[in-house]
Amino acid sequence: MSTAAPALLTLVLPDGATREVAPGTLAREVVGTIGQRLLRDAIAVSVDGEVQDLMTPIRVGGAFTVITQKDPRALAVLRHSGAHILATAVRRLRPDAKIGFGPAIDDGFYYDFEVATPFTPEDLEAFDAEMRKVAAEAFPFVREEIDQVAGRARFADDPLKLERLAELGADEVISTYTDGPFVDLCRGPHVPDTSYLKHFKLLHTAGAYWRGDERRQMLQRIYATAFWKAEDLEAHLHRIEEAKRRDHRVVGKALDLFMFHPFAPGAAFWTERGTTMVNALNDYLRELQRDGYAEIKTPLLYNKGLWETSGHWGKYRENMFLVLDAETKEHDFSLKPMNCPSHYLMYLNKKHSYRELPLRYNTYDVLHRNEVSGALSGLTRVRQFQQDDCHIFLMESQIADEVKALTRFILSYYETFGLTARLKFATRPEQRVGDDAMWDRAEGALRAALEATGYAYELKPGDGAFYGPKIDFDVTDSIGRAWQLGTIQLDYAAPERFDLQYVGDDNHTHRPVVIHRAVSGSFERFMAILIEHFAGAFPVWLAPEQLRILPLSDDLAEVAQAVTKRFRDAGVRAHLDQAESLNYRIRQAEVAKVPYMAVIGKREAESAQLAIRVRGAGKKQEIVSVEAFLERITQEIATRALTPAGGES
RNA sequence: GCCACAGUAGCUCAGGGGUAGAGCACUCGAUUCGUAAUCGAGCGGUCGUCGGUUCAAUUCCGACCUGUGGCUCCA
């Protein structure tokens, strides 16, 4: 802050009006000049695009907007304050707790504490109750700007805060926020006082490394969420419940799709029903890749020589399952964690002409990656998985067309399931191979190809693979969660390492480029997403059981058996169920989420008809002839129709 | 791998220092049924594993295994 009389700052309000204020004027004062009612409703302000709270001095001019509860940015302010209120409560009940960081996050907020004994669920209840007291006390959030010396004195008992303080540069404003008994080193912004926090819930505790560094101490993190309105909080908790209901581990067990066993941690056992689905996916991909792709199979186990050539032995060994060689007594072999090196060996096996390019090797081989035990989770994170992998060898001049075709391919595959994807374009990372000219060419080609598709994409600078830029496909499921599935990666490094070549039309040898491509990532993860996306109510073509045939009484067994055979002969996965009452069997079929039920009573038996009940459609039934329904269901299967979609129970 | 929590019948879960219970599933019998659970009977568990404390452990303690939520990592 300079001592000379500073020039006034000009703030431009949304309606075009302006305010001339002296630097250091508090935002609150400016809002007060607009209206007292607005001041009451104000949570924070936006100055020149930056959110700051009402207690913060204005230092720059520019567009000035008042942020009220209606503004989505206000929620992050509330949640950040919620984190402070949580810390206030924790400090009151556990004065020994050292404070770490407490930011707002996507769905709420958290605060990290360093404590001698970890928090228990009972502690959480006590903190919740204490937070309500702190909120009721309506402590104002008081902002102070201090210097390093004062900061070190104030946080003398909080080593984590001192560490953060020491990192702040001389030109940075050091600010603290105080609410009642609690002071925190914090940039803000905050709501005016603690009473703004009304609708919140502490969710769970978790360990978290200080600064996210596994070499540092483990702190105790408390996760929580907060909203402006009770109904928003309710809705959020309901969404959590809904996600739990759709959890693929729950649904997979209920629908008997897969299992795990302690003897094979991180590796799925697929039941007959689950295998049927995986095979349906596999068949579909094979059909899509019938032309222009060369499906190959390569070994699962390799001598370390391959991994030394590929670089995995140095960079990836931690994640590889090493196998003891009986003769050498050394871990000279490893299960493959990726397909690419073996595909390069296949490519090297013969000489290639430019006429063969692009050459696409695709495979469904099984891969093994030795994930740390704590990382495993259902089907989404496993140690053994099947990837729909493809490596494309091509000339640089072919990159644009190829990427365009691959992007279309991947997106249209997702569309079959009603899944939409967001594209992310990731550029050169800090750690990389190849010169800038190569990266310019690669990024230029990939980006041009991406733009040619016409799809919108986000930029992720510096997030590319070390060997080349990539396009990632983030799929959003029916309840709005994003999963990274497909990827298209340009690789200029592998062709060098493996000395890949082709003979050009000039009769000289050239270096091809490699594209790594995955569509569903892994069958395991993709199945998890599909299970949760459809909540187990799969499209007919994918459903492990497509039609359940329910004769009304035993004397119709013969007719029902003949009808079942008719459908099975036509390739429909039909099953006959003659047990128990009709009501009971209908309930069983609904619970099993079988898309179609065909009831055969005396009337239907006499007229070669079926009383069709569609999953989730309730009592509404259609009487159709056996042949007409056979035509309809085989059409739906052949076209991979999404219907009968929905049908929640 | 690290922190916390959990593991009781096929599933969902109750219980608790004196070796266990419900519903569903399963089996059998009766019922032959018109759109989400017919009735009855029966079977089923060395309470995750190993060790310790105790007269006695499924219960208390410890280690390990597996899972869950996170951290880290990632398809």
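The figures here come from the full heavy-atom set of this structure, side chains too, leaving out hydrogens, waters and symmetry mates. Letters A, B, ... are given to chains in the order of the sequence lines, protein chains preceding strands, and every chain is numbered from 1. Just so it is clear, the model here is predicted, and its values are computed rather than measured.
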Would you indicate whether A/His238, at its atom NE2, is surrounded by more than 12 heavy atoms from other residues, nucleotides or ligands within a distance under 6.0 Å? no
Determine which nucleotide pairs with B/rU59, using a 3.5 Å limit on both distances of a Watson-Crick or G-U wobble pair. none
Under 3.5 Å, is there an N or O donor on one side and an acceptor on the other linking the side chain of A/Glu604 and the base of B/rG34? yes
Touch check for A/Gly212, heavy atoms < 4.0 angstrom, all strands: base, sugar-phosphate only, or nothing? sugar-phosphate
Base paired to B/rA20 (Watson-Crick or G-U; both N/O distances under 3.5 angstrom): none
Select one nucleotide: of B/rG34, B/rA36, B/rU32, the one nearest the side-chain heavy atoms of A/Leu552. B/rG34
Touch class at under 4.0 angstrom, heavy-atom based, for A/Gly521 against every strand present: sugar-phosphate
Please work out if A/Ala611 contacts a base, only the sugar-phosphate, or nothing of the nucleic acid, heavy-atom cut-off 4.0 Å. base
Closest to the A/Pro262 side chain: B/rC65, B/rA37, B/rC73? B/rC65
Side chain of A/Glu214 only, heavy atoms from C-beta on: which candidate in B/rU72, B/rA37, B/rC74 is closest? B/rU72
Consider the side chain of A/Pro265, meaning its heavy atoms from C-beta on, and name the nucleotide among B/rG67, B/rC3, B/rA75 that approaches it most closely. B/rG67
Report which part of the nucleic acid A/Asn583 touches: base, sugar-phosphate, or nothing (heavy-atom distance under 4.0 Å, all strands). sugar-phosphate
Indicate, yes or no, whether a donor-acceptor pair under 3.5 Å links the base of B/rC73 to the side chain of A/Arg381. yes
Could you tell me how far apart A/Tyr584 (OH) and B/rC39 (P) are, to the nearest whole angstrom? 11 Å
Under-3.5 Å donor-acceptor pair between A/Glu590 side chain and B/rA37 base: no
Please report, rounded to the nearest Å, how far the P atom of B/rG67 is from the CG atom of A/Leu376. 6 Å
Confirm from the modelled atom types if A/Arg383 and B/rA75 form a donor-acceptor pair under 3.5 Å, side chain to base only. no
Do A/Phe227 and A/His236 make the cut of ring centroids closer than 6.0 angstrom? yes
Under 4.0 Å, counting only non-hydrogen atoms across every strand here, what does A/Ala518 touch: a base, just sugar-phosphate, or nothing? nothing
For A/Ala206 and for A/Phe385, find the nucleotide of RNA chain B with the closest heavy atom, then tell me which residue's nucleotide is more 5'. A/Ala206
Rounded distance (Å) that lies between atom P of B/rC73 and atom CZ of A/Arg317: 21 Å
What I want to check is whether the side chains of A/Asp472 and A/Thr487 have a donor and an acceptor closer together than 3.5 Å. yes
Which listed nucleotide (B/rA75, B/rA36, B/rC11) is nearest to the side chain of A/Gln387? B/rA75
Note: for A/Ile612 and A/Gly486 on RNA chain B, the residue whose nearest nucleotide lies more 5' is A/Ile612
Under 4.0 Å between any heavy atoms, over every strand shown, what does A/Thr487 touch: base, sugar-phosphate, or nothing? Just pick one. nothing
Can you check whether A/Phe526 and A/Tyr413 have ring centres sitting under 6.0 Å from each other? yes
Measure from CD on A/Gln484 to C1' on B/rC73 and round the result to the nearest Å. 13 Å
What distance, rounded to whole Å, do you find between the two P atoms, one in B/rC5 and one in B/rC64? 15 Å
So, A/Asn319 and A/Asn370: side-chain donor and acceptor under 3.5 Å apart, yes or no? no
With rounding to the closest Å, how many angstrom separate the C1' atoms on B/rA22 and B/rU32? 31 Å
Is a side-chain donor-acceptor pair under 3.5 Å present for A/Glu636 with A/Tyr596? yes
Provide, to the nearest angstrom, the distance between the CZ atom belonging to A/Arg211 and the P atom belonging to B/rG70. 23 Å
Both distances under 3.5 Å, Watson-Crick or G-U wobble: report the partner of B/rA6, or none. B/rU66
Using the P atom as the point on both nucleotides, what is the distance between B/rG15 and B/rC60, in whole Å? 13 Å
Counter-base of B/rG1, judged by Watson-Crick or G-U geometry with both distances under 3.5 Å: B/rC71
Looking at A/Arg369, I'd like to know whether one of its side-chain N or O atoms comes within less than 4.0 Å of OP1 or OP2 on B/rC74. no
Starting at atom CD of A/Glu580, determine the distance to atom P of B/rA37, rounded to an integer number of angstrom. 12 Å
For A/Asp128, side chain to side chain contact (heavy atoms under 4.5 Å, CB included) partners two or more places apart: A/Arg132, A/Phe200, A/Leu202
Could you tell me whether A/Glu524 contacts a base, only the sugar-phosphate backbone, or nothing, with contacts defined as non-hydrogen atoms closer than 4.0 Å? nothing
Charged N to carboxylate O below 4.0 Å: is that the case for A/Glu590 and A/Arg615? no
pair_partner(B/rA14), Watson-Crick or wobble, both distances < 3.5 Å, evaluates to none
Under 4.0 angstrom, heavy atoms only, what part of the nucleic acid is A/Lys602 near: base, sugar-phosphate, or nothing? base
Any strand: nucleotide that pairs with B/rG42 via Watson-Crick or wobble, under 3.5 Å: B/rC26
What contact category does A/Tyr223 fall into here, base, sugar-phosphate, or nothing, at under 4.0 angstrom with non-hydrogen atoms? sugar-phosphate
Out of B/rC3, B/rA36, B/rC33, which nucleotide sits closest to the side chain of A/Arg613? B/rA36
Would you mind pulling out the nucleotide paired to B/rU53, Watson-Crick or G-U wobble, both distances under 3.5 Å? none
Specify the separation, in whole Å, of atom CZ of A/Arg585 and atom P of B/rU38. 11 Å
Find the distance A/Arg221:CZ to B/rC3:P and express it as a whole number of Å. 16 Å
Distance-only donor-acceptor test (3.5 Å): side chain A/Tyr209, base B/rG1: yes
